[in-house]
Amino acid sequence: MDPFLEKFFPVVFHRKNSGGKNNYCKYDNQGLAAFTSSLYLAGLVASLVASPVTRNYGRKASIVCGGVSFLIGAALNVAAVNLAMLILGRIMLGVGIGFGNQAVPLYLSEMAPAHLRGGLNMMFQLATTLGIFTANLINYGTQNIKPWGWRLSLGLAAVPALLMTLGGLFLPETPNSLIERGRVEEGRRVLERIRGTADVDAEFTDMVEASELANTVEHPFRNILQPRNRPQLVMAVCMPAFQILTGINSILFYAPVLFQSMGFGGNASLYSSVLTGAVLFSSTLISIGIVDRLGRRKLLISGGIQMIVCQVIVAVILGVKFGAEKQLARSYSVAVVVVICLFVLAFGWSWGPLGWTVPSEIFPLETRSAGQSITVAVNLLFTFAIAQAFLSLLCAFKFGIFLFFAGWITVMTVFVYVFLPETKGVPIEEMVLLWRKHWFWKKVMPDMPLEDGWGAAEGHAAPASNNHKG
């Protein structure tokens, strides 16, 4: 929005409206990039801090901390009078993201009945995409409120922040967390209440045993570095990194900037970003419906191929029809928006939700918390790096930025084809058998008897081998 740029980024404002600057470099400003990316660097640090808080003080404590951080960030942004205050507000929002990413998925998975856990995992991604869509609608609605529409847009972050804080105060703590912290009887009462029955002996016993086992592991991060956990560690690093290297965040963060760089008007660029947000939300619904039928590998590979094709098409259109100073013809502008929407659609039913789902389901209990922390940290680290570098990359690579991301999508699609076994329908306790049968990972993992801490009971070994071939 022009009033926002004029107040905090006057150099970008004048460059944008001068008409003589290279289209690809209008928004190349490290202050503007820092405004976007500071949130994710703060989230990275906060996610590591949130892990012991969540473990020692409960899931509710982290949720409330996240909500309060969001409220402070929204207040600082809506009242910002200079760039330092604006970025400090973004940092506080990032702290909220770090605590939220650590605690909320954990809370959902521990409160859900086992047969609904997978669907609720996907619903978390669905809620995220709904938030992106709603934010785009708010931006579209506040752009014509001058000169303070940007304050309303940033300040409305306080609404979900307030809901999150109040929800954290009034929701019950998870039975797992209560049992883990020694409040066993209270944990059973909560379990009976959320299941709606007193017949919870089997689930309660499993929770107590899992808690006892988890409490015996003193150094989960050291444990995860052992050779027997190498496949899971590689996936915990590569899946979230590749998810960001698709370029999706660049398109979602900078959609208005991207479309304005291509010659769209201010209204048209915001309208286009609303459209991409709607596509992302709807495509996540597709993933929820088909992931347990088609499996993870098919969705990841087919989604990767579709994204590669879309990135190459956009690069060709911009390279041939859109130079550094020219405007893009209306027909080609429409074509670019359509192809970008197809790209977002492919991401939404493949790497979007599955970039989180696959790492969350492959770790044995003793390293699960450490694995989730690594996944979140890597995701936020790459999000920060791409957000900070994207405007400079756009200026340097021009239309080649889309070929840059297409190259990474090619690498990750091949990676999935070669290194990721299908995890659909495999119980977490038997996941280790999947890695031990894989042509590559079985060479990496040391020989070790199943009864020696591999997480699969002897009685389950034979059926797992028969049921999950290939």
Side-chain angles (χ1 to χ4, degrees), residues 46-70 95-121 123-124 127 161-221 223-224 356 359-361 363-376 427-429 455:
S47 67
L48 300 176
V49 174
S51 181
V53 173
T54 304
R55 185 173 62 250
N56 296 326
Y57 299 100
R59 290 33 166 167
K60 283 182 58 173
S62 282
I63 292 173
V64 171
C65 284
V68 170
S69 299
F70 278 129
V95 172
I97 283 181
F99 275 88
N101 272 4
Q102 178 67 31
V104 174
L106 195 58
Y107 185 92
L108 290 173
S109 65
E110 290 182 347
M111 295 296 274
H115 66 285
L116 296 177
R117 194 166 296 142
L120 281 172
N121 193 321
M123 290 291 287
F124 181 71
L162 187 62
L163 291 172
M164 181 173 173
T165 306
L166 293 176
L169 290 172
F170 288 105
L171 287 172
E173 183 58 89
T174 70
N176 308 66
S177 177
L178 292 168
I179 294 168
E180 190 175 17
R181 290 181 288 137
R183 296 154 63 179
V184 179
E185 289 306 314
E186 187 180 349
R188 182 178 180 109
R189 286 197 300 272
V190 172
L191 182 62
E192 291 176 355
R193 181 148 59 99
I194 62 176
R195 297 293 181 257
T197 176
D199 185 18
V200 294
D201 290 343
E203 187 175 5
F204 178 71
T205 301
D206 286 343
M207 287 183 179
V208 172
E209 291 176 352
S211 174
E212 291 172 352
L213 176 61
N215 286 332
T216 63
V217 178
E218 296 181 8
H219 305 289
F221 282 98
N223 190 294
I224 207 172
W356 291 105
S360 73
E361 65 184 6
F363 283 96
L365 180 64
E366 63 268 20
T367 57
R368 200 167 297 156
S369 62
Q372 178 66 13
S373 294
I374 291 171
T375 300
V376 172
I428 293 177
E429 298 79 19

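Numbers here are sequence positions counted from 1. Only this structure's heavy atoms are used, side chains among them; waters, hydrogens and symmetry mates stay out.
Annotation: the span from M164 atom CE to C65 atom SG amounts to 9.5 Å, rounded to 0.5 Å. Note that CG of L166 and CD1 of I63 are 12.5 Å apart. Values are rounded to the nearest 0.5 Å. In this structure, E209 CD and S211 OG are separated by 10.5 Å, a value rounded to the nearest 0.5 Å. Distance CZ/R59 to CG/L171: 14.0 Å, rounded to 0.5 Å.
Using a 4.5 Å cut-off on side-chain heavy atoms (C-beta onward), R188 and D201 make contact. Between T54 and Y107 the shortest side-chain heavy-atom distance does not fall below 4.5 Å. Residues F70 and I97 have side chains in contact (heavy-atom distance under 4.5 Å, counting atoms from C-beta outward). Under the 4.5 Å side-chain criterion, counting only non-hydrogen atoms from C-beta, P175 is in contact with M111.
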For side chain to side chain contact (heavy atoms under 4.5 Å, CB included), just list the numbers for N101 and S47, CA-CA rounded to whole Å, side-chain angles, deciding distance to a tenth of an Å, and then say yes or no. CA-CA 7 Å; N101 272 4; S47 67; 5.8 Å; no
Checking salt bridge (charged side-chain N to carboxylate O under 4.0 Å, His left out) for the pair E185/R189: CA distance, chi angles, key distance, verdict? CA-CA 6 Å; E185 289 306 314; R189 286 197 300 272; 5.4 Å; no
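Take T174 and apply the side chain to side chain donor-acceptor pair (under 3.5 Å) test, not counting sequence neighbours, and it matches E110.
Residue A50 comes nearest to G98 through the heavy atom pair CB-O, 4.1 Å, listed as atom of the first residue, atom of the second, then distance. Annotation for V68 and T165: closest pair N-OG1, 3.5 Å, computed over non-hydrogen atoms. In terms of heavy-atom proximity, S69 sits nearest to V95 at OG-CG1, 3.4 Å. In plain terms, the two heavy atoms of V53 and S62 that are nearest each other are CG1-OG, 3.5 Å.
Counting heavy-atom neighbours within 6.0 Å of F204 CZ, excluding the residue itself, gives a total above 12.
Under the 4.0 Å criterion applied to side-chain N and carboxylate O atoms, R181 and E173 are assigned as salt-bridge partners.
Counting only distance, with no hydrogens or angles, the side chain of K60 and the backbone of P172 share no donor-acceptor pair below 3.5 Å.
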